Amino acid sequence: MNHLARALAPVLVAAGLIVTGGSTAPAGAAGGPTGDAVTIMSQVSLSGYDVATASDGTTYLGWIGDDLTDPGLRALYLCVLKATSSGCVGGVQSASALGSSSAQNLRIVITGGKPVLVWIAQVAPSTGEFSGVFGTNTVTNGQLGSSVSVPQAPTLGTLTSAIRGPGGAISAAVIGSGTNGSHVYYYPDLAASPREFTRPYMVGNAQIADNGKQTVLTTSPYGSITDPVNVAFKQSAGSGWSSFSKVPHAIPLGGIERLQVAGKKIRMVGPSDKALYRAYTWTWKKRSFRGPKATSDPNDISTVDTTSDASRRLASVHSEVKGLAVSNFGSKARPGRFLLKVKNTYAGGPAQIATSPSGRGWVIYSVERTGVPGQILKAQKIKLSAVTRTVKKNTRAGKVLVTGPSSCMPVSTLRVGVKGKPAAKWKVVSKTLKLGSKAQGKTLKGTSLKPNHAYKLTGSVVFAKGGARVKGQATVKFTTCGRP
């Protein structure tokens with residue numbers, strides 16, 4: 001078991017992650033699952049899985065595992081998912097994982113318009129001694145290519161983060177197996193010599209993000225709940241790193257914090273000592289993270305995965321005792337969210353998420369079931385919930401409040417409305433709500449709106465006191481998300 005898996009294991013057990021079926025959503029932001037979850041592979045022993053969506057809306061699910069009929073012989077697998085598909089297009093594909101018993105930590109990076117599957121493995125050269133390599137496999141026209149071995153990975157290292165870096169290169173963060181596990185390696189390119197960092201603790205997680213201007217690296221202690229997460233940074237095109245500093249109020253909770261570039265902003269999602277086990281967000285501001293900001297999720301989290309797409313939104317999936325919480329933050333701290341309830345017990349790795357600009361996406365998770373050996377890998381099609389906001393307008397007779405979507409609104413359903421709060425001795429005698437020039441009911445359907453289009457949701461309230469009348473208006477301006 002690798003560093004990150006060992007760090008997660010006690011947290012998952014403590015959380016008691018056994019949940020039942022269905023889905024729920026907070027009032028006003030009705031995203032959720034679309035159809036039933038699809039079983040991608042059953043009776044598999046998983047050693048890492050990930051998911052990513054390309055600009056054309058095609059989603060690529062990759063994993064490393066064996067099918068239990070030949071334990072220890074791991075292979076690389078790919079499933080291509082479409083928004084209209086109910087399973088893997090063309091079936092499940094497979095290729096060599098290079099390290100038949102050591103391949104692990106799969107990540108998928110979209111670069112040069114193509115998905116590249118990246119992982120780490122140990123191979124035995126002619127000397128008989130094991131050495132670390134990165135494995136890569138480029139998907140072309142929906143087909144796996146040949147797996148390529150890239151040397152210079154640390155022996156017995158753990159790949160914890162891989163991203164599209166400066167110039168389209170694949171950059172990576174790897175935890176080494178050196179003295180007390182205190183080494184972290186940053187690779188600007190998989191084939192380049194790494195920058196090695198020695199940390200004053202055994203490292204449980206290392207995350208990287210690059211927004212085209214700066215590269216940010218976070219590290220946190222292995223197995224810790226309350227020790228601080230630390231951060232260092234450099235210019236994207238440079239090589240000089242800052243010293244490490246504490247991220248304010250960020251704690252690792254076993255190493256579950258994640259970095260994500262959303263638009264041009266580097267954001268972090270994870271737990272905070274402000275409220276132990278709850279999800280918070282931080283935003284990078286040139287030299288440090290600002291935050292934390294509460295996400296409004298009232299439940300304890302035990303794993304985190306994040307994603308973004310051409311809409312510039314931040315989205316995430318958190319494992320919670322009651323299920324998988326799927327959040328659409330947009331550019332804000334308080335998201336639209338829904339809870340995806342899952343049958344059976346989580347096993348085999350943390351849930352993963354990928355989305356397209358419209359808000360359509362997939363959540364990937366794995367479970368185990370009594371009587372079925374190994375793990376079951378599942379894919380659930382989703383629509384993200386909308387993020388809401390309320391605009392207020394004061395009049396001498398009272399306040400007008402209109403609740404509607406923030407930009408951009410995905411193809412989900414949203415409850416909208418107008419309220420009047422009368423001043424003393426005044427009362428509300430009528431209310432109207434319009435989308436543009438047309439009357440609007442309480443439910444706004446994203447699927448009925450034009451993509452990449454600007455809208456105005458205007459609420460009017462008439463207040464009365466005796467024979468006096470005062471009309472107030474408030475407007476929520478928003479845009480819809482693009483496609484696919």
Side-chain angles (χ1 to χ4, degrees), residues 109 160-176 182-189 192-201 203-222 224 226-253 255-275 278-295 304 306-308 312-316 329-335:
V109 180
T160 53
S161 185
I163 63 169
R164 183 184 184 278
I170 295 177
S171 302
V174 181
I175 298 173
S182 60
H183 296 270
V184 172
Y185 300 87
Y186 164 73
Y187 289 80
D189 184 290
S193 298
R195 168 66 187 269
E196 181 178 353
F197 299 89
T198 301
R199 308 298 296 126
Y201 45 69
V203 181
N205 191 15
Q207 293 286 302
I208 52 172
D210 189 292
N211 63 358
K213 294 181 178 180
Q214 291 181 298
T215 307
V216 170
L217 166 69
T218 59
T219 67
S220 60
Y222 162 71
S224 173
T226 58
D227 288 322
V229 175
N230 293 270
V231 62
F233 66 94
K234 70 176 185 68
Q235 298 303 307
S236 290
S239 59
W241 285 86
S242 72
S243 57
F244 281 90
S245 60
K246 295 179 182 179
V247 179
H249 298 287
I251 57 175
L253 195 60
I256 67 173
E257 68 279 359
R258 291 292 182 270
L259 297 186
Q260 184 66 53
V261 175
K264 292 295 184 180
K265 294 182 179 180
I266 298 175
R267 302 182 70 182
M268 186 173 80
V269 181
S272 168
D273 59 11
K274 290 280 188 178
R278 301 290 171 83
Y280 281 75
T281 64
W282 291 256
T283 301
W284 181 254
K285 299 291 185 180
K286 293 185 178 180
R287 301 186 63 84
S288 63
F289 276 106
R290 301 288 176 87
K293 292 187 177 181
T295 65
V304 174
T306 58
T307 192
S308 188
R312 305 168 68 90
R313 70 164 64 86
L314 171 68
S316 70
F329 292 91
S331 60
K332 304 185 182 300
R334 291 183 178 269

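No hydrogens, no waters, no symmetry mates; every other heavy atom, side chains included, goes into these values. All figures in this text were calculated on a predicted structure; none of them were measured in a lab.
Closest non-hydrogen pair, S224 versus P252, comes out as O-CG, 3.5 Å. G291 and P248 make their closest contact through O-CG, 3.9 Å (heavy atoms, listed as atom of the first residue, atom of the second, distance). Here the closest non-hydrogen pair linking V184 and T219 is CG2-CG2, 4.1 Å. Shortest non-hydrogen contact noted between I208 and Y186 is CG2-CD1, 4.1 Å. D189 and A169 make their closest contact through OD2-CB, 3.3 Å (heavy atoms, listed as atom of the first residue, atom of the second, distance). Minimum heavy-atom separation, I163 to V109: C-CG1, 3.7 Å.
Residue K265 holds its NZ atom at 5.0 Å from NZ of K285, rounded to the nearest 0.5 Å. Within the model, atoms OG of S331 and CG of L314 stand 9.5 Å from one another, a figure rounded to the nearest 0.5 Å. In this structure, CZ in R334 is found 11.0 Å from CZ in F329, a value given to the nearest 0.5 Å. With values rounded to the nearest 0.5 angstrom, N211 atom CG is found 4.0 Å from I266 atom CD1. Between T283 atom OG1 and R267 atom CZ the span is 4.5 Å, to the nearest 0.5 Å. Between the CG atom of N205 and the CG atom of L259 there is a distance of 8.5 Å, given to the nearest 0.5 Å.
Side-chain contact between T295 and T281: present, with at least one pair of heavy atoms (C-beta onward) separated by less than 4.5 Å. The shortest distance between side-chain heavy atoms of S171 and S161 does not fall below 4.5 Å. In this structure the side chain of S308 never reaches within 4.5 angstrom of the side chain of V261, judged on heavy atoms.
Shown here are the ring pair (Phe, Tyr, Trp, His ring centres under 6.0 Å) partners of Y187, two or more places apart in sequence or in another chain: F134. With sequence neighbours left out, the ring pair (Phe, Tyr, Trp, His ring centres under 6.0 Å) criterion links F244 to F197.
For the pair T306 (side chain) and Q260 (backbone), a donor-acceptor distance under 3.5 Å is absent. Under the 3.5 Å distance criterion, the side-chain polar atoms of S272 are matched with a main-chain donor or acceptor of H249. Side chain of T160 to backbone of A206: a donor-acceptor contact under 3.5 angstrom is found.
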Expected list for residues 229-239: side-chain donor-acceptor pairs under 3.5 angstrom, two or more places apart:
from	atom 1	to	atom 2	distance (Å)
N230	ND2	Y201	OH	3.3
N230	ND2	P228	O	3.3
K234	NZ	S236	O	3.0
K234	NZ	G238	O	2.9
S236	OG	D210	OD1	3.0
S236	OG	D210	OD2	3.0
S236	OG	K213	N	3.2
S236	OG	K213	O	3.3
S236	OG	Q214	N	3.0

Evaluate the criterion side-chain hydrogen bond (donor to acceptor under 3.5 Å, both in side chains) for residue pair E257 and T218; output intermediate values, then yes/no. CA-CA 9 Å; E257 68 279 359; T218 59; 5.0 Å; no
